[in-house]
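Notes for the one structure printed next.
Only this structure's heavy atoms are used, side chains among them; waters, hydrogens and symmetry mates stay out. Nothing fancy with the numbering, it's 1 onward along the sequence. Computed from a predicted model, the values in this text were never measured in an experiment.
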Amino acid sequence: MSKKQDSYYFQSFIACTDYACQAASLLLEVMKNFQLESLPKQMDAMHQLEHAADMRKHELLNTLVKAFITPIEREDIIQISQNIDEITDKIEDVLIRIYYNHIQSIRPDALELAETVVKCCGEAKSLMDEFADFKHSKSLRDHIIRINTMEEEADKRYISCMYQLHGACRDPIEIIAWREIYNYLEKCADACEHVADMVESAVMKNS
């Protein structure tokens with residue numbers, strides 16, 4: 001297999017992770033400058049990113065079907081592409097839940113959790129930038145460790161958010177709504193960690 005064909009898969013991983021980064025940045029921007037009347041247009045913009053990411057993933061998988069030799073195992077390519085796609089999906093899910101739960105204002109601790117998601121996505125992108133050179137990269141492992149650390153930070157923030165929510169809020173409907181939003185924000189960080197774990201597994205199998 002040519003180096004150009006090898007590069008295609010890794011460049012696709014980078015492109016798909018970049019969509020996740022754009023989605024995370026859009027989500028944070030929406031939450032920081034929250035305007036209820038702007039949500040429908042912002043949801044359209046988010047869905048366009050999610051759709052573009054889906055199209056790139058499908059293009060990759062269509063290429064994989066026709067490939068005779070691949071730079072890493074087929075199952076790893078499939079799983080990594082699906083895990084990256086899951087990040088963007090979960091980010092869109094957060095915005096959808098802000099919308100259909102009729103959220104009127106954004107809780108400050110939710111912003112902190114969203115900022116952690118943006119950092120996780122950025123680190124996942126850096127990981128993908130290094131992935132093509134996994135046999136020689138000296139920083140790949142560091143990116144994986146940082147993503148794991150950020151996911152742990154997201155877990156701690158999630159617990160703190162839930163604690164504050166149940167301690168300060170007396171409206172059961174609001175509690176239910178924000179529980180769901182916090183849950184999906186935490187799932188975004190989990191999705192980044194799943195990408196890192198899958199890359200680590202693929203490197204071990206293909207080194």
Side-chain angles (χ1 to χ4, degrees), residues 7-34 38-39 41-61 77 79-99 106 110-134 137 139-155 157-158 181-200 202:
S7 176
Y8 170 78
Y9 296 101
F10 297 109
Q11 290 302 316
S12 294
F13 292 152
I14 292 170
C16 289
T17 312
D18 187 61
Y19 283 123
C21 289
Q22 291 180 56
S25 295
L26 175 58
L27 176 65
L28 181 59
E29 183 66 23
V30 170
M31 293 173 70
K32 276 185 173 180
N33 303 289
F34 188 70
S38 299
L39 270 182
K41 286 186 177 180
Q42 291 164 335
M43 287 178 63
D44 286 343
M46 181 69 79
H47 188 67
Q48 287 175 13
L49 288 172
E50 189 276 334
H51 180 71
D54 269 350
M55 291 300 99
R56 188 62 188 257
K57 181 191 73 171
H58 292 316
E59 179 186 306
L60 183 154
L61 296 179
I77 293 173
Q79 192 61 59
I80 291 169
S81 66
Q82 290 175 340
N83 286 349
I84 295 171
D85 191 56
E86 187 74 3
I87 303 173
T88 311
D89 287 346
K90 288 292 180 285
I91 292 169
E92 184 182 29
D93 284 340
V94 174
L95 192 56
I96 289 171
R97 278 149 182 80
I98 289 173
Y99 175 73
I106 302 299
L111 279 178
E112 294 177 1
L113 194 48
E115 287 169 351
T116 302
V117 170
V118 170
K119 292 177 185 177
C120 281
C121 289
E123 201 61 47
K125 172 71 162 41
S126 297
L127 173 63
M128 289 303 149
D129 288 338
E130 285 292 318
F131 190 22
D133 193 37
F134 69 86
S137 175
S139 62
L140 189 74
R141 179 65 182 163
D142 292 336
H143 291 303
I144 292 171
I145 291 172
R146 280 197 285 270
I147 291 171
N148 292 151
T149 301
M150 288 176 185
E151 193 279 331
E152 290 177 4
E153 178 186 336
D155 282 346
R157 288 190 182 280
Y158 170 73
I181 293 165
Y182 287 138
N183 187 39
Y184 272 86
L185 281 166
E186 197 271 335
K187 285 177 184 289
C188 295
D190 283 348
C192 291
E193 185 177 48
H194 294 160
V195 170
D197 291 344
M198 194 63 222
V199 167
E200 185 174 40

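- The distance from atom CG of D85 to atom CZ of R56, rounded to the nearest 0.5 Å, is 13.0 Å.
- In terms of heavy atoms, A24 sits closest to V117 at CB-CG1, 4.4 Å.
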Stepwise, does the side chain to side chain contact (heavy atoms under 4.5 Å, CB included) test hold for D190 with D155?
CA-CA 9 Å; D190 283 348; D155 282 346; 4.2 Å; yes
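- For the pair S126 (side chain) and G122 (backbone), a donor-acceptor distance under 3.5 Å is present.
- Residues N33 and E29 have side chains that bring a donor and an acceptor to within less than 3.5 angstrom of each other.
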L185 vs T116, side chain to side chain contact (heavy atoms under 4.5 Å, CB included): CA-CA, chis, key distance, verdict
CA-CA 9 Å; L185 281 166; T116 302; over 6 Å; no
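- Here the shortest heavy-atom pairing between N148 and D197 reads ND2-OD1, 3.7 Å.
- Between C16 atom SG and E59 atom CD the span is 9.0 Å, to the nearest 0.5 Å.
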Should K57 and L61 be marked as a side chain to side chain contact (heavy atoms under 4.5 Å, CB included) after you check the CA-CA gap, both sets of side-chain angles, and the distance that decides it?
CA-CA 6 Å; K57 181 191 73 171; L61 296 179; 4.3 Å; yes
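- Between M46 and E50, every side-chain heavy-atom pair lies at or beyond the 4.5 Å cut-off.
- Atoms CG and CG, from L39 and L95 in turn, are 6.0 Å apart once rounded to the nearest 0.5 Å.
- Under the 4.5 Å side-chain criterion, counting only non-hydrogen atoms from C-beta, K90 is not in contact with V94.
- If you check the side chains of D44 and Q48, you find no donor sitting under 3.5 Å from an acceptor.
- No side-chain heavy atom of F34 sits under 4.5 Å from any side-chain heavy atom of Q42.
- In this structure, the side chains of Q82 and M198 stay at 4.5 Å or more apart for every pair of heavy atoms.
- In terms of heavy atoms, M31 sits closest to I106 at O-CG1, 3.5 Å.
- For Y182, the ring pair (Phe, Tyr, Trp, His ring centres under 6.0 Å) partners are W178, not counting sequence neighbours.
- Between E123 and M150 the shortest side-chain heavy-atom distance falls below 4.5 Å.
- Listed by chain and residue number, nothing satisfies the salt bridge (Lys or Arg N to Asp or Glu O under 4.0 Å) test with K119 (two or more places apart in sequence, or in another chain).
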For side chain to side chain contact (heavy atoms under 4.5 Å, CB included), just list the numbers for H194 and E86, CA-CA rounded to whole Å, side-chain angles, deciding distance to a tenth of an Å, and then say yes or no.
CA-CA 9 Å; H194 294 160; E86 187 74 3; 5.8 Å; no
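- Between the CG atom in D89 and the CG atom in N83 there is a gap of 11.0 Å [rounded to 0.5 Å].
- Between I84 and F13, the closest heavy-atom pair is CD1-O, 3.8 Å.
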Let's go through R97 and D93 carefully: what are the C-alpha distance in whole Å and the side-chain angles of both, what is the deciding distance for salt bridge (Lys or Arg N to Asp or Glu O under 4.0 Å) to 0.1 Å, and is it a yes or a no?
CA-CA 6 Å; R97 278 149 182 80; D93 284 340; 3.8 Å; yes
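- When every heavy atom of I91 is checked against every heavy atom of A20, the shortest pair comes out as CD1-O, 3.5 Å.
- In the displayed structure, Y99 atom OH is contacted under 6.0 Å by at most 12 heavy atoms of other residues, nucleotides or ligands.
- With respect to K125 and D129, a salt bridge is recorded, a charged nitrogen being found less than 4.0 Å from a carboxylate O.
- By the neighbour-count criterion of 12 heavy atoms within 6.0 Å, atom NE2 of H58 is densely surrounded, having more than that number from other residues, nucleotides or ligands.
- Nearest heavy atoms, T17 versus M128: OG1-CG, 3.3 Å.
- Listed by chain and residue number, F131 satisfy the ring pair (Phe, Tyr, Trp, His ring centres under 6.0 Å) test with F134 (two or more places apart in sequence, or in another chain).
- For the atom pair L111 CG and L27 CG, the distance stands at 9.5 Å (nearest 0.5 Å).
- To the nearest 0.5 Å, the span separating CD on E193 from OG1 on T149 amounts to 9.5 Å.
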